[in-house]
Amino acid sequence: MPDLPPKPASRPDKVSLWKYFRLFRKDILSAQPSRLYHAWMAEFRTPFFRSYMCNDPELVDLVLKGSPDDFPKSDRVREGLFPLLGNSVFITNGETWKRQRRIIDPAFEGGRLRDTFPAMWDAGVAAVERLDKFADQGPVEIEAQTSHAAADVIFRTLFSIPIEHEVAGAVFSTFREHQIAQPVVNLGALLPLPKWMPRFHSRKTKETAKQIRGLIEQLTAERMAEIKAGTAPDDLATKIMTTADPLTGDVFDTEEMVDQVAIFFLAGHETSASALAWALYLMARYPEWQEKLAEEAREVMDPGKIYFSAVSKLRVSRDVFREAMRLYSPVPMMVREAACPERFREREVPKGSQIVLSPWHLHRHDRMWERPDEFDPGRFQTENGKEGLRKAYLPFSAGQRVCPGSAFAMIEGPLILSLLVRAFRFEVVEGHEPVPQAHLTVRAKDGIWLTLTRR
Ligand code: HEM
């Protein structure tokens, strides 16, 4: 029997709606039946509305790559995230969303990432220094460390400041409090509750969201002043704040920029932190892959600094990072709404139905992947792996609403992974097998504990 990495237990096929709600509130991954790893589509009927999970690649393409106006983000997503995100690109629809993407996308294009690379490199070096304190000591909770590193990447690339900067550090720590106040914030959107039922945000949620936005506003207002004075550094924030919409000539005002920075921070650090933490866990669990990765890192990176062009040589690292995101997709599920009646696989889908796309299930779908639950980064060099990448691999979503940070994350992830594995050997801690759970992203129930020794 192959040694399979952890997978949440599935629920029995038939449970009452009430039991489903209860399981769902605990954890959406283990609240699902195992047939979703095999089905092309599943319909959930509740007294309030219908929900369709689509695994059929043609349906996934239709929803994501057809017109974004046909399958907008549902209002529930918006309601859950509004206190923190305001009108950020993650939750807007229609013309507002299109305009926001026209302004944001150029900042994340390939050429621009070359300019961003030195800041990512510095964050990676800082992460190695931070972890060095824990080397040759007892177990370390690694998710907290990757969160720190990924938040550092965001502040360095966006605002040219490290996480040690007073305001950056305050955003990071207040964000932790915010998550504790509202741990499954966007997943609430998946809960099949009727639309008329009011959603409450706790006082703590509102307070922490306000504090985070206040801190970000400070950074944004300062940057606006620097741009006017001609002294602004050439980073992502300056790029976004000085890019005019090619159609309307609009630029973001301070408030709209605060909304966008809030989502860059949220979407950009939680996700990368989750992927990096699982990748490190898998390296500890499968030492033969860890050694391959360490050898590649030494070859490509020694001596000292590498250049942007060398990132493409981190092939093992890229495949390991991809495989980590296949098994533990940072964003497990995405929700859309049918704006008009549809017909999916011979079934009528009424207007207003909830459409669920589940990278979690697609990535482990047994009709798409050979040995779906096995960890094998080598699979991406096989025909099945390549087909899987094309048809059943959606860590960044796809189509018009694809993650604008995907290319950024595919540089950041393998780079930091290689820097860490070049410096340390990671090992699992007996009796601490992590249990995957969907929080804002896929995290381990009691964290991921590893020991590390200096190489
Ligand atoms: C491993 C890292 C990352 C993963 C797995 C990831 C995944 C995703 C996914 C699945 C979506 C679509 C969500 C949906 O449609 O409901 C998304 C959207 C988004 N991501 Fe990422 N992301 C990552 C890193 C980043 C980074 C580094 C940034 C920016 C600095 C970023 C910014 C965004 C934004 C702004 C959106 C909203 C796009 C829109 O709705 O038009 N992400 N991301």
Side-chain angles (χ1 to χ4, degrees), residues 60 63-65 68 71-74 76-78 80-81 85 87-94 96-105 107-108 112-113 116 119-120 123 146-147 149-159 185-187 189-190 235-237 239-240 257 259-279 318 321-322 324-326 328-337 354-360 362-363 393-417 438 440-442:
V60 173
V63 174
L64 293 178
K65 297 184 183 162
F71 298 101
K73 289 228 170 160
S74 94
R76 294 183 193 90
V77 177
R78 191 186 171 75
L81 292 166
L85 298 186
N87 279 317
S88 107
V89 64
F90 194 80
I91 49 181
T92 50
N93 283 315
T96 307
W97 167 76
K98 287 178 194 158
R99 183 179 59 81
Q100 290 173 338
R101 285 293 298 237
R102 287 195 296 267
I103 297 177
I104 289 167
D105 284 353
F108 290 94
R112 201 62 209 177
L113 291 176
T116 307
M120 278 187 196
T146 56
S147 269
D152 194 26
V153 170
I154 291 294
F155 280 110
R156 285 178 193 261
T157 53
L158 256 182
F159 284 107
V185 70
N186 66 344
L187 298 171
L190 283 158
D235 50 22
L236 288 177
K239 171 77 182 161
I240 294 167
M257 185 63 189
D259 297 343
Q260 313 314 326
V261 174
I263 187 59
F264 294 150
F265 179 69
L266 174 74
H269 105 279
E270 270 282 309
T271 46
S272 295
S274 154
L276 267 171
W278 286 107
R318 193 177 54 231
F321 193 70
R322 269 184 182 155
M325 288 199 293
R326 185 185 68 82
Y328 302 103
S329 184
V331 177
M333 291 182 204
M334 299 176 284
V335 198
R336 300 286 192 272
E337 201 166 288
Q354 176 179 274
I355 312 295
V356 179
L357 302 164
S358 175
W360 180 272
L362 262 185
H363 292 182
Y393 190 70
L394 283 180
F396 297 110
S397 186
Q400 288 89 341
R401 284 204 93 130
V402 67
C403 171
S406 62
F408 178 106
M410 284 309 297
I411 296 171
E412 172 196 14
L415 175 72
I416 295 187
L417 185 61
L440 202 54
T441 51
V442 171

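In each ligand, atom 1 is the first atom listed, and ligand 1 is the first ligand listed.
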Residue portion contacting ligand 1 (non-hydrogen atoms closer than 4.0 Å) for Ser397: both
Phe408: numbered ligand 1 atoms lying under 4.0 Å from its heavy atoms: 27 (C)
Pair Trp97-Ile91, side chain to side chain contact (heavy atoms under 4.5 Å, CB included): steps then yes or no: CA-CA 8 Å; Trp97 167 76; Ile91 49 181; over 6 Å; no
Leu357/Met333 under side chain to side chain contact (heavy atoms under 4.5 Å, CB included): CA gap, chis, key distance, verdict: CA-CA 6 Å; Leu357 302 164; Met333 291 182 204; over 6 Å; no
Top protein contact for atom 39 (C) of ligand 1, by heavy-atom distance: Arg101 NH1, 3.4 Å
Shortest reach to atom 24 (C) of ligand 1 by a heavy atom, considering only Leu357, Thr271, Ile411: Thr271
Winner among Met325, Met410, Lys98, Lys73 once heavy atoms are compared against atom 16 (O) of ligand 1: Lys73
Side-chain donor/acceptor of Lys73 to backbone N/O of Thr92, under 3.5 Å: no
Any N or O of Arg336 closer than 3.5 Å to N or O of ligand 1: yes
Contact check, side chains of Leu362 and Tyr393, non-hydrogen atoms, under 4.5 Å: no
Candidate pair Met410 and Arg322, rule side chain to side chain contact (heavy atoms under 4.5 Å, CB included), full reasoning: CA-CA 9 Å; Met410 284 309 297; Arg322 269 184 182 155; 4.1 Å; yes
Pair Asp235 + Lys239: basic N to acidic O under 4.0 Å: no
Residue portion contacting ligand 1 (non-hydrogen atoms closer than 4.0 Å) for Val89: both
Pick from Trp97, Phe264, Phe396, Phe321: the one approaching atom 29 (C) of ligand 1 most closely through a non-hydrogen atom: Phe264
Aromatic centroids of Phe108 and Phe264 separated by under 6.0 Å: yes
N or O contact, Arg401 vs ligand 1, cut-off under 3.5 Å: yes
Heavy atom of the protein closest to atom 37 (C) of ligand 1 (residue, atom name, distance): Phe90 CD1, 3.4 Å
Ala262, Pro395, Pro68, Pro404: member with heavy atom nearest to atom 7 (C) of ligand 1: Pro395
Ligand 1 versus Gln260: contacting region, heavy-atom distance under 4.0 Å: neither
Val331: numbered ligand 1 atoms lying under 4.0 Å from its heavy atoms: 7 (C), 10 (C)
Sub-4.5 Å side-chain heavy-atom contact between Arg112 and Asp105: no
Contact check, side chains of Leu64 and Phe71, non-hydrogen atoms, under 4.5 Å: no
For atom 26 (C) of ligand 1, closest protein heavy-atom neighbour: Gly268 CA, 3.4 Å
Option set Ala409, Ser406, Cys403, criterion heavy-atom distance to atom 25 (C) of ligand 1, minimum: Cys403
Numbered atoms and elements of ligand 1 in range of Pro330, under 4.0 angstrom, heavy atoms: 5 (C)
Residue-ligand contact Gly413/ligand 1, heavy atom below 4.0 Å: no
Identity and distance of the protein heavy atom lying nearest atom 32 (C) of ligand 1: Ala267 CB, 3.8 Å
Separation of Phe265 CZ from Phe155 CZ (nearest 0.5 Å): 5.0 Å
Any side-chain heavy-atom pair of Pro395 and Arg326 under 4.5 Å: no
